[in-house]
Amino acid sequence: MLKAILFDMDGVIIDSEPLHARAAVEAFQRFGISITTDFCYSFIGSTAKHMIEVIKEKWQLPFSLETLICANEEAKKELLDQEGGYPIIPGIRELMEALHQEGYQIAIASSSPLSDISETVKRLKLGAFLQKTVSGMQVPNPKPAPDIFLCAADALGVLPSECLVIEDSSNGLRAAKAAGMTGLAFRNPNSGCQNLSMADYVIEGFEEITPEFLYQVYQHANHLPAVIAKSSRLTLRELSMEDIPALHKILSEPSVTRFSGEPSRSLGELMQLHEAYISGAYLFRGFGLWGVFLNATGELIGRCGFETAALPASPFVELGYLISEPFRGQGYAAEAIRTALPIASRFGISEIFSVIHPDNAPSIHLAKAFGMKPCGTTIRNGISCFLFRFDLPASGR
């Protein structure tokens, strides 16, 4: 179960890596050493102390480590004074606030000195959202060793397996995976050419990232079905392989067979199909047909969700729903649809359609009750079916 979100700082919360690299280049020029910003970027995620130790040994510098560290800090302070501080990464503060409201534990686990972390937290007013801050200076080994993330998890009182790490660097991701944590990568163009291939998911920015999205990344990374939404009586959840025998029983009911539009399949065929569906729908698109479960018993009673389909002229997103025969007439279909519709906007869906068998009077009535408008017919399995359309309201973050 996801309980904690661990944020790297440099390159994730603040866009600091370009200035750090420039500071190091300028600092070592004073000692007659020419390093490049690309060289500095190879240490992103680790500590400045580790980079300076490597430089001192590589170039056999006669100066003390403390002298070199002080020179680097002085060059960094000069650049910071000139530029007025590090810019915050857009969307980060809003994400932290939303995670805090959802009850997640939040920590910063950064290779920077604790004083730098504290100053950033104070300047950006992030303290209300954080439970802990951990510096790479407080642990024996820098990233890519897992020490800093294991220390953060211990400080929060959670297991490593209950943490999701947000990083922008190869070293940071290697540390997260070594700690046994889920790793989300932010591809920051100012963090150099980082190898993010070991990440469980890669994002390009934070403006549209929500707690629900992070939860789904965590669930999928750990091969767990994600709960999509809940109502008073129902839970919409991704279907796991363990759910397929119960789904097969529902799909074999006579009225479902008649109106669902799905061909008859054996249990083995349905399981094979769903194994591919997990990666093709849930993991790739993020949406699909979800299981409808009773909150009271956990029993699977149907499906509801969104599928990509095609008209003769163009593709469209279809709202699909079905309820097992013993549970009809109790308002479950309407409750499942009412729960599912607001979710569509998360995936950028602005309009949905329903394809309904002409003899399926309850579904036709339900579509009209939700304000879906008849917009023609389409052929499905050789039958001319009614096509209904529903325009979704625009939603904010």
Side-chain angles (χ1 to χ4, degrees), residues 7-87 108-123 133-152 167-179 188-196 198:
F7 287 84
D8 178 37
M9 185 176 77
D10 295 292
V12 171
I13 295 174
I14 52 175
D15 206 7
S16 54
E17 302 297 0
L19 187 145
H20 286 175
R22 285 163 49 206
V25 169
E26 292 183 14
F28 282 96
Q29 281 177 345
R30 301 170 189 176
F31 298 98
I33 301 298
S34 294
I35 60 173
T36 65
T37 55
D38 284 343
F39 174 84
C40 298
Y41 284 145
S42 70
F43 291 91
I44 287 178
S46 189
T47 61
K49 180 185 177 208
H50 175 60
M51 180 184 71
I52 292 168
E53 286 173 337
V54 171
I55 294 172
K56 176 176 167 59
E57 182 177 353
K58 182 180 177 67
W59 277 276
Q60 294 294 296
L61 295 176
F63 308 98
S64 70
L65 184 62
E66 290 72 20
T67 298
L68 299 174
I69 290 174
C70 285
N72 187 67
E73 288 299 311
E74 287 173 7
K76 186 169 69 174
K77 186 177 183 304
E78 290 172 7
L79 288 175
L80 275 172
D81 289 343
Q82 292 172 19
E83 301 195 7
Y86 303 114
I108 292 176
S110 168
S111 297
S112 291
L114 195 58
S115 58
D116 288 1
I117 301 172
S118 299
E119 197 281 327
T120 296
V121 169
K122 181 179 178 181
R123 181 172 64 87
T133 56
V134 182
S135 165
M137 304 297 185
Q138 297 173 288
V139 296
N141 302 299
K143 303 173 188 176
D147 300 33
I148 188 170
F149 292 131
L150 293 174
C151 179
E167 270 283 357
D168 68 317
S169 72
S170 172
N171 286 328
L173 287 170
R174 287 165 61 196
K177 302 312 288 185
N188 186 335
N190 291 327
S191 294
C193 185
Q194 298 293 317
N195 178 3
L196 306 180
M198 69 288 289

Can you tell me how far apart [atom1] ([X]) and [atom2] ([Y]) are? Round to the nearest 0.5 Å.
X     : Y     : atom1 : atom2 : result
Ser64 : Ile69 : OG    : CD1   : 8.5 Å
Phe39 : Ser34 : CZ    : OG    : 12.0 Å
Ile55 : Glu57 : CD1   : CD    : 12.0 Å
Asn72 : Lys76 : CG    : NZ    : 6.5 Å

Do [X] and [Y] touch side chain to side chain, with heavy atoms closer than 4.5 Å?
X      : Y      : result
Thr133 : Leu114 : yes
Ile35  : Lys58  : no
Met198 : Ser170 : yes
Asp8   : Glu167 : yes
Leu68  : Phe28  : yes

### Task
Verify the ring-centre separation between Tyr86 and His20: is it less than 6.0 angstrom?
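Centroid distance His20-Tyr86: below 6.0 Å, so yes.
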
### Message
Name the residue from Val134, Asp116, Thr47 that meets the side chain to side chain contact (heavy atoms under 4.5 Å, CB included) definition with Ser111.
### Response
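Per the side chain to side chain contact (heavy atoms under 4.5 Å, CB included) rule, the option paired with Ser111 is Thr47, out of Val134, Asp116, Thr47.
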
### Query
Among Asn190, Val12, Asp168, whose side chain to side chain contact (heavy atoms under 4.5 Å, CB included) with Glu17 holds?
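That would be Asp168.
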
### Query
Any side-chain donor-acceptor pair under 3.5 Å between Asp10 and Ser16?
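A pair is found: one side chain offers a donor N or O, the other an acceptor, under 3.5 Å apart.
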
Which heavy atom of [X] sits nearest a heavy atom of [Y], and at what distance?
X      : Y      : answer
Asp15  : Pro18  : O-CD, 4.1 Å
Ala109 : Ala152 : CB-CB, 4.3 Å
Ile108 : Ile117 : CG2-CG2, 4.0 Å
Cys40  : Val25  : SG-CG2, 4.4 Å
Pro62  : Lys56  : C-NZ, 4.4 Å
Ala27  : Ala71  : CB-O, 3.7 Å

Looking only at atom types and distance, does a side-chain atom of [X] sit under 3.5 Å from a main-chain N or O of [Y], one as donor and one as acceptor?
X      : Y      : answer
Asn188 : Gly11  : yes
Ser135 : Ser112 : yes
Gln194 : Tyr41  : yes
Ser118 : Ser115 : no
Asn171 : Lys143 : no

### Task
Report the C-alpha distance between Lys49 and Leu65 in whole Å, list the side-chain angles of each, state the deciding distance to 0.1 Å, and finish with yes or no for side-chain contact (heavy atoms from CB on, under 4.5 Å).
CA-CA 8 Å; Lys49 180 185 177 208; Leu65 184 62; 3.9 Å; yes

#### Entry: Test log, rule salt bridge (charged side-chain N to carboxylate O under 4.0 Å, His left out), inputs Lys77 and Glu119
CA-CA 13 Å; Lys77 186 177 183 304; Glu119 197 281 327; over 6 Å; no

